[in-house]
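What's counted below: heavy atoms across the whole structure, side chains too, no hydrogens, waters or symmetry copies.
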Amino acid sequence: MGPSGSGKSTLLYVLGCLIHPTGGIYRLEGRDIPQLNENERARVRSQHIGFVFQSFQLLPGISALRNVELPSLYNKQSRRERRQRARQLLERVGLAERLDYRPTELSGGEAQRWRLRVLS
């Protein structure tokens with residue numbers, strides 16, 4: 001929390017491995033993050049960091065199930081594993097009956113719960 005321009009977003013970008021810090025040390029689980037190449041940082045983001053965007057960043061043209069399933073593509077899971085995990089996550093947040101709904105068909109609270117599951 002702080003005034004505009006105080007570095008809040010910059011800190012989050014550094015912690016999310018999206019930009020390099022200009023000084024100091026940043027280690028995550030023993031890894032020196034600034035020393036990693038882009039592919040290694042992407043792997044760290046995929047395996048250890050989740051983002052919750054203010055606007056949810058849901059893809060409007062696909063279902064809840066597909067939106068939740070999408071991040072698993074980067075973990076090289078089989079389609080069956082991705083689909084099963086996405087179903088479990090949606091069930092966990094009370095959206096089992098909304099698997100085929102699109103983002104515009106959900107309430108704000110449902111969309112938020114949906115997005116939080118995508119990042120889990």
- Member of Pro21, Ser9, Pro34 meeting the side chain to side chain contact (heavy atoms under 4.5 Å, CB included) criterion with Val14: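 Among Pro21, Ser9, Pro34, the one that satisfies the side chain to side chain contact (heavy atoms under 4.5 Å, CB included) with Val14 is Pro21.
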Once rounded to the nearest 0.5 Å, what's the spacing between atom [atom1] of [X] and atom [atom2] of [Y]?
X	Y	atom1	atom2	result
Ile19	Leu11	CD1	CG	9.0 Å
Gln84	Leu89	CD	CG	10.5 Å
Asn67	Leu90	CG	CG	9.5 Å

Over all atoms of both residues, closest heavy-atom pair of [X] and [Y]:
X	Y	answer
Ile33	Cys17	CG2-SG, 3.7 Å
Tyr26	Leu15	OH-O, 2.6 Å
Leu99	Ser63	O-CB, 3.4 Å
Leu65	Arg83	CD2-CD, 3.1 Å
Leu36	Val44	CD1-CG2, 3.9 Å
His48	Leu28	CB-CD2, 4.5 Å

- Would you say Glu40 and Asn37 make side-chain contact, with heavy atoms under 4.5 Å?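 Answer yes - side chains close enough.
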- Task: Would you check if the side chain of Asp32 reaches a backbone N or O of Ile25 as a donor-acceptor pair within less than 3.5 Å?
- Result: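 It does not hold such a pair.
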- Item | Glu69 and its salt bridge (charged side-chain N to carboxylate O under 4.0 Å, His left out) partner, picked from Arg79, Arg85, Arg82 |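 The residue from Arg79, Arg85, Arg82 that satisfies salt bridge (charged side-chain N to carboxylate O under 4.0 Å, His left out) with Glu69 turns out to be Arg82.
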- With sequence neighbours left out, what residues match Glu38 under side-chain hydrogen bond (donor to acceptor under 3.5 Å, both in side chains)?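 For Glu38, the residues satisfying side-chain hydrogen bond (donor to acceptor under 3.5 Å, both in side chains) (neighbours in sequence not counted) are Arg41, Arg45.
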